[in-house]
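In listed order, ligands and their atoms are each counted from 1.
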Amino acid sequence: METVAVVWTAAVAAAGLIYWFVWVMGSAEVKGKRAVDLKMGSITRDKVQDKYKQYWSFFRRPKETAVASSENVPAFVDTFYNLVTDIYEWGWGQSFHFSPSIPGRSHRDATRIHEERVADLIGARPGQRVLDVGCGVGGPMRAIAARSGADVVGITINEYQVGRARAHNKKSGLDALCEVVCGNFLQMPFPDASFDGAYSIEATCHAPRLEDVYAEIHRVLKPGSLYVSYEWVTTALYRADDPDHVDAIHGIERGDALPGLRAHDEIAAIARKVGFEVLDQRDLARPPAGPWWTRLKMGRIAYWRNHLLVSALAFLRIAPKGVVEVHEMLYETARHLTRGGETGIFTPMHMILCRKPPLTPNAEDGNPQESTS
Ligand SMILES: C=C(CC[C@@H](C)[C@H]1CC[C@H]2C3=CC[C@H]4[C@H](C)[C@@H](O)CC[C@]4(C)[C@H]3CC[C@]12C)C(C)C
Ligand SMILES: C[S@@+](CC[C@H](N)C(=O)[O-])C[C@H]1O[C@@H](n2cnc3c(N)ncnc32)[C@H](O)[C@@H]1O
């Protein structure tokens, strides 16, 4: 009799523990993805490990060869997002970017405020059509549509994200304002001058040549309209002859599918080269902004909990094989990003605000032409 009672108590305790571990601790900060729902995007279960190896092979080539074959980059970025999208949603939320921390406010509030700033900078308003370049699963798109009342069209290279973004748009009741398209932002499926504004949040860093994506954005914008971008860059503190700096930046590139980080002072010149006027540029991470990396750093214990959880789910075959390796890669990446933030050599929020010049009447024939001032 006593043995039965002990066995029952142990079974109930174990069930309670599993429930707490998987369903309570395992749910995303913004509910919508739980650990038990981790898939690997559109990759079939048996191909996850191969795809992960394929992802790494990109970085085994010498940098010159990798850059020379930059036409492969969108496919490699697509593979990366198949591998990480569910883990990002589960462990971070629906907005795949950083934000300055704000004392006394939650991460969720800080994220929304950083996104709403974009809507305000480009003056988005009801009736306008705004482009979200590299939209992820649409966290920013929903915040910006809700703030401004503008119609937002997002583009992402990753088909799996399109499905997730559409489902979230519907669930949040914002599907009338938010639309998502699968495509390459280097060759966008939109006509010339078809948007009243555009923005990109921590996405154009995936472009092998920034001028290519900026030129596309310039093409689809109406004359006189605004574009704002939060760029990942090295700052003025970065020293290419310091092995610690180089190691941190390479770590960030490898763990975030980046063909090569750019320097902060290259961005404006590229924007001007494709025809934009640069109205403002600033590192939004500079004081008085609170550190963006504390959210990553404060989560050490959470990472271990997540590691145990992911390992258990893979062992039980609930999550696909390969999920543990991807999770480890992200843990390493978080270390490099934190180092980049603490040393000040890297920022994920170099803000650049641009305008496509308005049309002015041509003095000779009276027809409108792009102003060059
Ligand atoms: C803009 C990009 C992505 C930025 C961030 C959203 C992500 C960068 C690193 C990611 C993470 C690192 C550690 C993970 C952790 C080990 C896991 O347990 C839970 C998820 C993480 C916190 C994950 C979340 C998203 C990031 C912070 C790039 C790709 C251009
Ligand atoms: C780090 S996520 C940021 C997503 C979103 N801006 C956010 O903040 O939540 C980068 C996004 O850029 C997209 N992306 C990268 N390269 C792309 C390309 N060539 N064409 C279209 N989208 C691309 C990815 O698919 C992903 O959605």
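- Inclusion of Gly136 in the set of residues having an N or O under 3.5 Å from an N or O of ligand 2 is warranted.
- A salt bridge does not link Glu115 to Arg112: none of the charged nitrogens lies less than 4.0 Å from a carboxylate oxygen.
- Under 4.0 angstrom from ligand 2, the non-hydrogen atoms of Phe185 come from both its backbone and its side chain.
- Here the protein heavy atom with the shortest distance to atom 22 (N) of ligand 2 is Ile157 N, 3.1 Å.
- Distance screen at 4.0 Å: atom 16 (C) of ligand 1 has a protein heavy-atom neighbour inside the cut-off.
- Shown in contact with Pro140 at under 4.0 Å from a heavy atom are these atoms of ligand 2, numbered in order with element: 7 (C), 8 (O), 9 (O).
- Residue Val77 has no nitrogen or oxygen atom sitting less than 3.5 Å from a nitrogen or oxygen atom of ligand 2, judged on distance alone.
- Considering backbone and side-chain atoms alike, Gln161 places an N or O below 3.5 Å from some N or O of ligand 2.
- Ion pairing of Lys297 with Glu342 is present here, as a side-chain N (NZ or NE/NH1/NH2) and a carboxylate O approach within less than 4.0 Å.
- With hydrophobic clusters built from ILVMFWY side chains whose heavy atoms lie under 4.5 angstrom apart, Leu131 does not share a cluster with Leu226.
- Within the 3.5 Å criterion, the main-chain N or O of His168 finds a donor-acceptor partner in the side chain of Ser172.
- The shortest heavy-atom distance from Ala207 to ligand 2 is not under 4.0 Å.
- For the pair His206 (side chain) and Ala257 (backbone), a donor-acceptor distance under 3.5 Å is present.
- Ranking the protein heavy atoms by distance from atom 24 (C) of ligand 2 puts Tyr81 CE1, 3.6 Å first.
- Taking every heavy atom of His97 and a limit of under 4.0 angstrom, the matching atoms of ligand 1 come to 6 (C).
- For the pair Asp256 and ligand 1, the shortest N or O to N or O distance does not fall below 3.5 Å.
- Contact between Leu337 and ligand 1 is present, with at least one heavy atom of the residue lying under 4.0 Å from the ligand.
- Applying the 4.0 Å criterion to heavy atoms of Glu202 picks out, from ligand 1, the atoms 1 (C), 30 (C).
- Considering only non-hydrogen protein atoms, atom 4 (C) of ligand 2 sits nearest to Gly134 O, 3.3 Å.
- Counting non-hydrogen atoms of other residues, nucleotides and ligands closer than 6.0 Å to CD of Glu332 gives a total above 12.
- Not less than 6.0 angstrom separates the ring centroid of His350 from the ring centroid of Tyr230.
- A salt bridge is absent between Arg117 and Asp120; no separation between the charged side-chain nitrogens and carboxylate oxygens falls under 4.0 Å.
- The CG atom of Asn158 sits 5.0 Å away from the CG atom of Asp78 when rounded to the nearest 0.5 Å.
- In summary, the atoms of ligand 2 found under 4.0 Å from a heavy atom of Gly183, numbered by their order in the structure, are 20 (N), 21 (C).
- A cation-pi arrangement is found for Arg295 relative to Trp92, the charged atom lying closer than 6.0 Å to the ring centre and inside a 45° cone about the ring normal.
- Less than 4.0 angstrom separates some heavy atom of Gly91 from each of these atoms of ligand 1: 19 (C), 20 (C).
- The proximity of His206 to ligand 2, defined as any non-hydrogen pair under 4.0 Å, is limited to the side chain.
- Close approach of ligand 1 to Asn306 (heavy-atom distance below 4.0 Å) involves ligand atoms 17 (C), 18 (O), 19 (C).
- Contact annotation: for His206 versus ligand 1, heavy atoms closer than 4.0 Å belong to the side chain alone.
- Annotation: Leu186 places no N or O atom under 3.5 Å from an N or O atom of ligand 2; distance criterion only.
- Contact annotation: Gly139 has no heavy atom less than 4.0 Å from any atom of ligand 2.
- The protein atom (non-hydrogen) at minimum distance from atom 9 (O) of ligand 2 is Phe96 N, 2.7 Å.
- Ranking the protein heavy atoms by distance from atom 13 (C) of ligand 1 puts Leu330 O, 3.4 Å first.
- Only the backbone of Cys135 comes within 4.0 Å of ligand 2, judged by heavy-atom distances.
- At a heavy-atom distance under 4.0 Å, only side-chain atoms of Cys205, from C-beta outward, approach ligand 1.
- When the heavy atoms of Trp304, Phe80, Tyr88, Tyr81 are ranked by distance to atom 23 (C) of ligand 1, first place goes to Tyr88.
- The heavy atom nearest to atom 28 (C) of ligand 1, considering only Phe96, Phe98, Trp232, Trp90, is found in Trp232.
- Note: no N/O pair closer than 3.5 Å links Asp132 and ligand 2 by distance alone.
- Short contacts between ligand 2 and Ser95, defined as distances under 4.0 Å to a heavy atom of the residue, involve ligand atoms 9 (O).
- Relative ring orientation between Phe195 and Phe190 is described as perpendicular, the plane-to-plane angle rising above 60° on a 0-90° scale split at 30° and 60°.
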